[in-house]
Novice: 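Quick one: structure below, then a few questions.
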Amino acid sequence: MKETFKIGDIIFQSRAFLSPMAGYTDLAYRKIAEEFGAGMTTTEMVSARALARRDKKTASMLKTIKANIPTAVQIFGSEVESMIESTKILNDIEDFQIIDINMGCPAPKIVKNGDGSALMKNPTLAYEIASGVVNASKKPVTCKIRMGWDEKSINAVEFSKALEEAGVSAICIHARTREMYYTGEADWDMIGEVNNCLTIPVIGNGDIFEARDAFKMMDQTGVKAVQIGRGAVGNPWIFKNILRIKEGKDEIIPTNRAVYDIIVKHYNLLIEDKGERIAINEMRKHIGQYLKGIHSSSNIRREINTTNDKAEVFKILEDFLLKGR
């Protein structure tokens, strides 16, 4: 997976990307994903309306560092004017190389305002937004979409063609409808259909939970890059293993020591970024994912969820992962 892949003039050395995920792809986890070999990371989705009015909390979500890999910022909204205004603001932030438009989020609080995957019910507006952002941007613009709103309105092919005409540089498709949320199986055949109808790059997303799934998706659909979401939560090793498979090496199975070390690193990165009080609350969900699949970890997760002391959290993890207590 080291072959050259380009979006606009941006070259990627790995074609396995970290998907934007609300509550997960903050600065701390983007740093970890980069360290483990992700080809690109993307911020949590940022409200264009809030960004356009210079909201301080929203601006804090744009905190980043100069990474060694491309970083995208994902914006969402359904007002052309605020999408254009937020794009102009992002033009001046050099550490983001790509602007991604969210047209796929299924969350009720997003779609009720006509944002996210609700745009797939309004292709005309989606085209106006994409065209406006492309014309205002000094950077490549990409779009994240789904197959459609529901099984009766699957329109990813036509929708993608319109976005290409609007000037976007790449499309990422999560092969589920909005009504599916994250249930059922992703329809990889639909990813292949979108890929076959466009001349711009298509990135596949959905049901990549193991490193070999990335290669299966590329073989089945013809896409040259994949985006990994839930499969990367608590499992940054998936990026390293994708590279190792490509190089003909055995996959890494993380030891308990490796799991402990990455939890400690992640925790400290969160503290550095957000302060200890916020980090302790946010880290609980991450620890649950890091421990997922480890025998008898459910009791440990419950213990960790009852303490607000970092030292106690580390002691619980040390006893469980390193001393086998």
Novice: For E282, look at atom CD and say whether over 12 heavy atoms of other residues, nucleotides or ligands are found less than 6.0 Å away.
Specialist: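 Check passes, neighbour count above 12.
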Novice: Do E272 and K31 meet the salt-bridge criterion of a basic N to acidic O distance under 4.0 Å?
Specialist: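 Result for this pair is yes, salt bridge flagged.
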Novice: Do the charged groups of K265 and D261 touch, with an N to O distance under 4.0 Å?
Specialist: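 Answer for the salt bridge query: no.
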Novice: Going through the distances and angles, do M180 and D150 end up as a side-chain contact (heavy atoms from CB on, under 4.5 Å)?
Specialist: CA-CA 7 Å; M180 291 174 70; D150 57 29; over 6 Å; no
Novice: So that I can tick it off, tell me whether E251 and R212 are bridged by a salt bridge, with the cut-off set at under 4.0 angstrom between side-chain N and carboxylate O.
Specialist: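 Answer for the salt bridge query: yes.
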Novice: Are F76 and I173 connected into the same hydrophobic cluster when the rule is that any two of I, L, V, M, F, W, Y join if their side-chain heavy atoms are below 4.5 Å apart?
Specialist: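 Hydrophobic grouping puts I173 apart from F76.
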Novice: Locate the shortest heavy-atom distance separating L163 from A130; write the atom from each residue and the value.
Specialist: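 Smallest interatomic distance, heavy atoms only, reads CD2-CB, 3.7 Å.
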Novice: Ignoring hydrogens and angles, state whether a donor on the side chain of S297 or R301 is under 3.5 Å from an acceptor on the partner side chain.
Specialist: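 Indeed, the side chains of S297 and R301 share at least one donor-acceptor pair under 3.5 Å.
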Novice: Which heavy-atom pair separates I171 from S160 by the least distance, and what is that distance?
Specialist: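 Closest pair (atom of I171, atom of S160, distance): CG2-OG, 4.1 Å.
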Novice: Assess the side chains of T42 and D100: does a donor N or O sit below 3.5 Å from an acceptor N or O?
Specialist: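 There is no such pair between these side chains.
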Novice: Over 60° means perpendicular and under 30° means parallel, so classify the ring planes of F5 and F12, tilted if in between.
Specialist: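 Tilted: the ring planes of F12 and F5 meet at 30° to 60°.
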Novice: Are E312 and T307 linked by a side-chain donor-acceptor pair shorter than 3.5 Å?
Specialist: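 Note: E312 and T307 side chains meet the donor-acceptor criterion.
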Novice: Establish whether I11 and V202 are linked, either directly or via other cluster members, by ILVMFWY side-chain heavy-atom contacts under 4.5 Å.
Specialist: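 No, because I11 and V202 fall into different hydrophobic clusters, even though each may have its own neighbours under 4.5 Å.
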Novice: Decide if the gap between the ring center of Y290 and the ring center of Y260 is smaller than 6.0 angstrom.
Specialist: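 When the ring centroids of Y290 and Y260 are compared, they turn out to be at least 6.0 Å apart.
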Novice: Without swapping roles, check the side chain of E79 against the backbone of G77 for a donor-acceptor pair under 3.5 Å.
Specialist: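 No, the answer is negative, given that no donor and acceptor are paired below the 3.5 Å cut-off.
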Novice: Does R176 use its side chain to pair, donor to acceptor, with the backbone of T183 at less than 3.5 Å?
Specialist: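 Yes; judged by distance alone, with no hydrogens or angles, the pair exists.
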Novice: Going by an N to O cut-off under 4.0 Å, is there a salt bridge joining D319 and K315?
Specialist: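 Yes, charged N to carboxylate O under 4.0 Å.
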Novice: Parallel, tilted or perpendicular: which one describes the rings of H266 and H286, with boundaries at 30° and 60°?
Specialist: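 Because their plane-to-plane angle lies in the 30° to 60° range, the rings of H266 and H286 count as tilted.
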Novice: Do I69 and I32 belong to the same hydrophobic cluster, where Ile, Leu, Val, Met, Phe, Trp and Tyr are linked whenever their side-chain heavy atoms lie under 4.5 Å apart, directly or via other members?
Specialist: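 No, I69 and I32 fall in different hydrophobic clusters.
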Novice: Counting heavy atoms not belonging to D9, are there more than 12 under 6.0 Å from its CG?
Specialist: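 Atom CG in D9 is not crowded, with 12 or fewer foreign heavy atoms closer than 6.0 Å.
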Novice: Do S78 and R49 get their side chains close enough for a donor-acceptor pair, meaning under 3.5 Å?
Specialist: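 Per modelled atom types, S78 and R49 side chains form a pair under 3.5 Å.
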Novice: Using the rule that two of Ile, Leu, Val, Met, Phe, Trp, Tyr join whenever any of their side-chain heavy atoms come within less than 4.5 Å, decide whether V194 and W188 are in one cluster.
Specialist: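 In one cluster with V194: W188, yes.
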Novice: Is it true that a side-chain atom of D273 and a backbone atom of L269 form a donor plus acceptor pair closer than 3.5 Å?
Specialist: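 The answer is no, because no donor-acceptor pair under 3.5 Å joins these two groups.
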Novice: Has the side chain of N196 got a donor or acceptor atom that lies under 3.5 Å from a matching backbone atom of G192?
Specialist: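 Checking the backbone N and O of G192 against the side chain of N196, a donor-acceptor pair under 3.5 Å is found.
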Novice: Measure the OG-CH2 distance between S153 and W149 for me, rounded to the nearest 0.5 Å.
Specialist: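 The CH2 atom of W149 is 8.5 Å from OG of S153, to the nearest 0.5 Å.
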Novice: Would you mind reporting whether L62 and F96 have side-chain heavy atoms less than 4.5 Å apart?
Specialist: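 F96 vs L62: side chains touch.
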Novice: For E34 and N68, work out which heavy atoms get closest and say how close.
Specialist: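 Result for this residue pair: OE2-N, 2.8 Å.
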Novice: Counting only N and O atoms by type, is there a donor-acceptor contact under 3.5 Å from the side chain of N256 to the main-chain atoms of L322?
Specialist: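 Judged by distance alone, no pair lies under 3.5 Å.
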Novice: Checking side-chain polar atoms at under 3.5 Å, does E164 have a donor or acceptor matched by the opposite partner on T199?
Specialist: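 E164 vs T199: donor-acceptor pair found between side chains.
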Novice: Group every Ile, Leu, Val, Met, Phe, Trp and Tyr by side-chain heavy-atom contacts under 4.5 Å, then state whether M45 and M83 land in the same group.
Specialist: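 No: no chain of side-chain contacts under 4.5 Å links M45 to M83.
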Novice: Under 6.0 Å between ring centres, would you say that holds for Y181 and H174?
Specialist: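 Centroid separation for Y181 and H174: 6.0 Å or greater.
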Novice: Return yes if some donor-acceptor pair links the side-chain N/O of S137 with the main-chain N/O of V134 below 3.5 Å, else return no.
Specialist: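 No: the side chain of S137 does not pair with the backbone of V134.
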Novice: If you compare all heavy atoms of T25 against all heavy atoms of R30, which two are closest, and at what distance to 0.1 Å?
Specialist: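 Taking T25 first and R30 second, the nearest heavy atoms are O-NH1, 3.0 Å.
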Novice: Kindly say whether Q227 contributes a backbone atom to a donor-acceptor pair with the side chain of N205 at under 3.5 angstrom?
Specialist: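 Yes, N205 side chain to Q227 backbone: donor-acceptor pair under 3.5 Å.
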Novice: Any side-chain donor paired with an acceptor under 3.5 Å for D189 and Q220?
Specialist: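 The answer is yes; a qualifying pair exists.
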Novice: Determine yes or no for a side-chain-to-main-chain donor-acceptor pair under 3.5 angstrom, with S117 supplying the side chain and C105 the backbone.
Specialist: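 Side chain of S117 to backbone of C105, a donor-acceptor pair under 3.5 Å: yes, one is there.
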Novice: What distance separates N195 CG from L198 CG, expressed to the nearest 0.5 Å?
Specialist: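 Going from CG on N195 over to CG on L198, the span is 7.5 Å.
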Novice: Can any side-chain N or O of D187 pair as donor or acceptor with the backbone N or O of A175 at less than 3.5 Å?
Specialist: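 Side chain of D187 to backbone of A175: no pair is present.
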Novice: Which heavy atom in Y24 sits nearest to a heavy atom in E44, and how many Å separate them?
Specialist: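 In this case the closest contact between Y24 and E44 is N-OE1, 4.0 Å.
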Novice: Is it true that K310 and E276 make a salt bridge, defined as a side-chain N closer than 4.0 Å to a carboxylate O?
Specialist: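 No salt bridge links K310 with E276.
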Novice: Which heavy atom in V157 sits nearest to a heavy atom in C197, and how many Å separate them?
Specialist: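 It is CG1-SG, 3.8 Å.
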Novice: Quick check against the 3.5 Å criterion: does R178 have a side-chain atom that pairs as donor or acceptor with the backbone of P106?
Specialist: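 Looks like yes, one N/O pair under 3.5 Å.
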Novice: Decide ring pair (Phe, Tyr, Trp, His ring centres under 6.0 Å) for F320 and H295; before the verdict, give the C-alpha distance in whole Å, the side-chain angles of both, and the deciding distance to 0.1 Å.
Specialist: CA-CA 10 Å; F320 175 64; H295 183 64; 9.0 Å; no
